[in-house]
Amino acid sequence: MESSNGNVFQLIVKQGKPTLVPPKGNGNAGELIKNALKKVLVHYYPLAGRLTISSEGKLIVNCTGEGAVFVEVEAYCAMEEIGDITKPDPKTLGKLVYVIPDAKNILDMPPLVAQVTTFKCGGFVLGLCMNHCMFDGIGAMEFVNSWSETARGLPLCVPPFIDRSILKARNPPKIEYLHQEFAEIEDKSSTIDLYKDETIYSSFYFDSDMLENIKMKAMEDGVLEKCTTFEGLSAFVWRARTKALRIQPDQQTKLLFAVDGRPKYNPPLPKGYFGNGIVLTNSFCHAGELLDKPLSHAVGLVKEAIKMVTDSYMRSAMDYFEVTRARPSLASTLLITTWSRLSFYTTDFGWGEPVLSGPVALPEKEVILFLSHGKERKSINELLGSPASAMKIFQELMQI
């Protein structure tokens with residue numbers, strides 16, 4: 001998950017014996033993964049460079065060929081002894097991802113840092129620190145899967161498309177929309193004070209039946225003809241969090257989430273686009289309206305936010321950023337990020353699919369993460385952090 005300095009901390013957890021690579025156990029995991037990384041970086045060569053600031057004041061990659069940072073660690077315990085790895089826990093899980101000592105800002109950190117930790121039980125963890133300016137979740141997924149294909153001696157299924165000039169801002173810029181994702185909202189409810197207390201991290205499991213119940217509840221009043229899992233769950237969680245934080249009825253709230261723009265651009269982005277092809281979209285609603293009206297209303301707001309994302313909207317967003325250099329405001333905001341459609345769980349370095357793929361920590365108090373769960377990936381784990389005073393209410397509201 002993204003950290004405050006723009007880096008993504010990702011864990012890919014493997015267990016058991018190798019299916020393709022001798023010898024048995026994890027004894028050669030580090031060596032095999034490191035050698036595969038050397039080869040795959042030939043295709044993804046920007047990851048072997050370093051970040052710097054251009055003469056125009058823009059963040060760029062200097063393709064120096066210095067390479068990624070790779071660390072091997074041996075743990076003198078079994079994997080099960082680390083405890084519950086399904087919840088964000090920077091104190092414990094942070095030991096599974098190498099952090100550059102004394103790194104003060106984003107320029108001090110290589111675009112890619114990898115750590116392989118082997119355990120006595122035969123399992124191992126690949127901990128990754130990847131800079132979000134290099135790619136979005138889809139791009140990161142394609143890179144990691146290309147890495148694993150290389151480890152198994154296979155050609156790349158999706159070679160990277162490196163040219164990013166296809167998404168440069170227009171000259172002159174043409175801002176055609178309000179872009180309220182950047183709007184500041186007055187915190188009338190003083191929610192910022194709630195987060196000064198202890199933050200509790202938790203995960204909530206939604207199986208396929210629970211997700212179906214949420215969708216049926218959203219459609220029970222006949223306003224909606226259909227409702228996707230993402231639309232239903234996002235609306236459900238937005239309402240629950242608003243209630244748990246006791247946000248005042250006249251307080252505006254904002255929902256932010258990313259939409260994959262790859263197929264929405266005209267023409268669509270090339271397959272394997274190596275960069276950020278997502279765009280943030282948004283919904284606004286007063287807390288009283290959000291809670292007093294049925295779930296179908298909140299789902300309708302999510303649908304409108306998705307529909308808003310078009311080629312012209314995304315290009316306007318790029319131009320807006322080019323002109324303002326603004327960052328989306330998170331005041332009175334819920335930011336939902338979903339990894340449920342990212343197939344990190346298919347990554348196979350020769351030991352089979354991972355038993356878990358997930359974040360070390362959540363980057364901001366406003367973030368909720370959706371992760372796919374279960375063998376068929378039809379269930380979802382919802383990860384979040386909440387003030388202790390609000391978590392009990394939120395837990396009660398999560399009961400379907």
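Keep in mind the model is a prediction, meaning the values are calculated, not measured. Reckoned from all heavy atoms, side chains included, excluding hydrogens, waters and symmetry mates.
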### Message
Please evaluate residues Arg152 and Glu149 with respect to the criterion salt bridge (charged side-chain N to carboxylate O under 4.0 Å, His left out), reporting the C-alpha separation (whole Å), side-chain torsions for both, the decisive distance (0.1 Å), and the verdict.
### Response
CA-CA 5 Å; Arg152 289 179 286 142; Glu149 288 166 352; 5.2 Å; no
[X] and [Y]: side-chain donor and acceptor closer than 3.5 Å?
| X | Y | answer |
| --- | --- | --- |
| Thr347 | Glu353 | no |
| Asn62 | Thr64 | no |
| Ser386 | Tyr195 | no |

Ring centroid separation [X] to [Y] under 6.0 Å:
| X | Y | value |
| --- | --- | --- |
| Phe370 | Phe206 | no |
| Phe321 | His179 | no |
| Phe274 | Phe161 | no |
| Trp147 | Phe349 | yes |
| Phe204 | Phe394 | yes |
| Phe124 | Phe119 | no |

Assess whether a salt bridge exists between [X] and [Y], defined as any Lys/Arg side-chain N lying under 4.0 Å from an Asp/Glu carboxylate O.
| X | Y | result |
| --- | --- | --- |
| Asp311 | Lys264 | no |
| Glu80 | Lys120 | no |
| Asp319 | Arg170 | yes |
| Arg262 | Asp136 | yes |
| Glu31 | Lys34 | no |

Is it true that, when you exclude [X] itself, more than 12 heavy atoms of the residues, nucleotides or ligands shown sit nearer than 6.0 Å to its [atom1]?
| X | atom1 | value |
| --- | --- | --- |
| Lys95 | NZ | no |
| Ile100 | CD1 | yes |
| Met216 | CE | no |

### Task
From the options Leu383, Ile380, Leu369, select the one residue that forms a side chain to side chain contact (heavy atoms under 4.5 Å, CB included) with Trp339.
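Option passing the side chain to side chain contact (heavy atoms under 4.5 Å, CB included) with Trp339: Leu369.
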### Task
Decide salt bridge (charged side-chain N to carboxylate O under 4.0 Å, His left out) for Glu322 and Lys58; before the verdict, give the C-alpha distance in whole Å, the side-chain angles of both, and the deciding distance to 0.1 Å.
CA-CA 10 Å; Glu322 182 73 12; Lys58 296 182 179 180; 2.9 Å; yes
#### Entry: Test item: Met210 and Ser379 side chains (from C-beta on) under 4.5 Å apart, heavy atoms
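Result no, sub-4.5 Å side-chain heavy-atom pair not found.
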